[in-house]
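Take a look at the structure below.
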Amino acid sequence: MAKLNLFIRICIAVLLVLGIIYVSSLVDFIFTPVISLFSVVIVPLMLAVFFYYLLRPLIDYLASRRLNRTVAILLVYLVIAVLLLGFTVGVWPSLQNQLVNLANNMPGVFNAVGEQLTKLEDSDLLSKLIPADMNPASQLMDYLNKGFSLLTVYVSGLFSFVSNFAIVLFTFPILLFYMLKEGGKFGDKLVSFFPKRYHEEGASVVAEIDGVMSSFIVGRVLVNLALGVLMYFGFLLIGLPYALLLTLVAVLMNFIPFIGAILSTVPIFIFGLIESPSTAIWSIVVVLVAQQIQDNLVAPYIFGKSMDIHPLTTIILVLAGGDFGGIIGILLIIPVYMMLKIITVKLYQLFVRQRWEKEPEVPAEAGD
């Protein structure tokens, strides 16, 4: 009977939540300003959280050396500014030349890819495998042209986004400064909102979420840097054109779980095909070897058990996040899933397992 009453209360709570959601959808004009504010704040907040977990260990170390926390933050900001200046002077000119050459040679790139595909199509091996009524070269070129058109539209939208990005560049360092300055006080303030009898459990949940987020963000950066180094030297070894640019694209795309690694392989294969079919094959070999080293050697050592997520779960989450929130949803879905998983497990332990999984009392024997 107690289990039935608990089930009824849970059903009533679910129905109340669904009713609130339905009523909210009828008065969506009230929430439109809130959504607009959220869309403006989400990007600088994401960047602030990302760099908070990335820089917090360094700030904590400097603070432990009796350096004022504010001075430590400003010192780290100064080092980052020097690194950005070094990137602008040392790396950006080469990267800019590759971007300019790529933009100027894009028609030649498509022609070269078409020529290589035609040669492959005329080869004896592929002519036996491909039916006579199929023309894979022209079909692939159509896909490439459509993809390039979509990319042009995306880049134009990206430039309009960057024009508004000045707000982000101005606000996120300020948010980051106060987050780093407050240190671990956010967790204490969050726990203070819980009922007093749940302060201990709330503190453990906040600490576990904080540890998982720190491990995920720092680990992801280290893993992607290792992948970038492996791929860059591999591309230089096989003579792949635009090696630096393609490596940078692959590293950035690899922050997108599962899908990013696949999407970044497409331009690598195309530019390898410009040189020769063997270069295209070797470029794929370099990508596969680098990703295997990343997945089987580097990632388990860095992440440990903090990223214990099944690959099928990752795929489903990425697809759901992309459908609901686009690129922002894809980037946020894994951390949000990990946080919800920790909270759900703790709620289950507190309110469900203690009631539903009580060990049956052993009846006393007669005569005791």
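All heavy atoms count here, side chains included; hydrogens, waters and symmetry mates do not. The structure presented is a predicted model; accordingly, all values stated were derived computationally and were not measured.
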Are any side-chain N or O atoms of [X] and backbone N or O atoms of [Y], one a donor and one an acceptor, separated by less than 3.5 Å?
{"X": "Arg69", "Y": "Leu180", "answer": "yes"}
{"X": "Ser215", "Y": "Val212", "answer": "no"}
{"X": "Ser214", "Y": "Gly211", "answer": "no"}
{"X": "Thr247", "Y": "Ala243", "answer": "yes"}

Minimum heavy-atom separation for [X] to [Y], with atom names?
{"X": "Tyr52", "Y": "Met179", "answer": "CE1-O, 3.3 Å"}
{"X": "Ser264", "Y": "Ala250", "answer": "CB-CA, 3.7 Å"}
{"X": "Ala48", "Y": "Leu176", "answer": "O-CD1, 3.4 Å"}
{"X": "Leu240", "Y": "Phe271", "answer": "CD1-C, 3.9 Å"}

So do [Y] and [X] actually touch side chain to side chain, heavy atoms under 4.5 Å?
{"X": "Asn224", "Y": "Gln294", "result": "yes"}
{"X": "Glu275", "Y": "Ile238", "result": "no"}
{"X": "Ile256", "Y": "Leu263", "result": "no"}
{"X": "Val223", "Y": "Leu227", "result": "no"}
{"X": "Asn254", "Y": "Arg220", "result": "yes"}
{"X": "Phe255", "Y": "Val221", "result": "yes"}

Arg56 vs Asp210, side-chain contact (heavy atoms from CB on, under 4.5 Å): CA-CA, chis, key distance, verdict: CA-CA 12 Å; Arg56 187 180 63 176; Asp210 181 73; 2.9 Å; yes
Taken in chain and number order and not counting sequence neighbours, the residues that satisfy side-chain contact (heavy atoms from CB on, under 4.5 Å) with Ile333 are Leu317
Count I, L, V, M, F, W, Y as connected when their side-chain heavy atoms are under 4.5 Å apart, and connections chain through other members. Are [X] and [Y] then in the same cluster?
{"X": "Leu175", "Y": "Val49", "value": "no"}
{"X": "Leu225", "Y": "Leu248", "value": "yes"}
{"X": "Phe216", "Y": "Val251", "value": "no"}
{"X": "Leu237", "Y": "Leu288", "value": "no"}
{"X": "Ile209", "Y": "Val345", "value": "no"}

Spatial distance of atom [atom1] ([X]) from atom [atom2] ([Y]) [nearest 0.5 Å]:
{"X": "Met339", "Y": "Leu332", "atom1": "CE", "atom2": "CG", "value": "8.0 Å"}
{"X": "Glu208", "Y": "Met338", "atom1": "CD", "atom2": "CE", "value": "11.0 Å"}
{"X": "Leu45", "Y": "Phe50", "atom1": "CG", "atom2": "CZ", "value": "14.0 Å"}
{"X": "Met231", "Y": "Ile293", "atom1": "CE", "atom2": "CD1", "value": "11.5 Å"}
{"X": "Leu230", "Y": "Gln291", "atom1": "CG", "atom2": "CD", "value": "11.0 Å"}
{"X": "Ile270", "Y": "Tyr242", "atom1": "CD1", "atom2": "OH", "value": "13.0 Å"}

Under 3.5 Å, which donor-acceptor pairs link side chains of residues 280-287 to any protein atom two or more places apart or in another chain?
| from | atom 1 | to | atom 2 | distance (Å) |
| --- | --- | --- | --- | --- |
| Ser283 | OG | Thr279 | O | 3.4 |
| Ser283 | OG | Ala280 | O | 2.5 |

Show the numbers, then the answer: is there a side-chain contact (heavy atoms from CB on, under 4.5 Å) between Ile268 and Val249? CA-CA 10 Å; Ile268 293 172; Val249 171; over 6 Å; no
Check: residues 73-90 side-chain donor-acceptor pairs under 3.5 Å, at least two apart:
| from | atom 1 | to | atom 2 | distance (Å) |
| --- | --- | --- | --- | --- |
| Tyr77 | OH | Pro173 | O | 2.7 |
| Tyr77 | OH | Phe177 | N | 3.3 |
| Thr88 | OG1 | Leu84 | O | 2.8 |

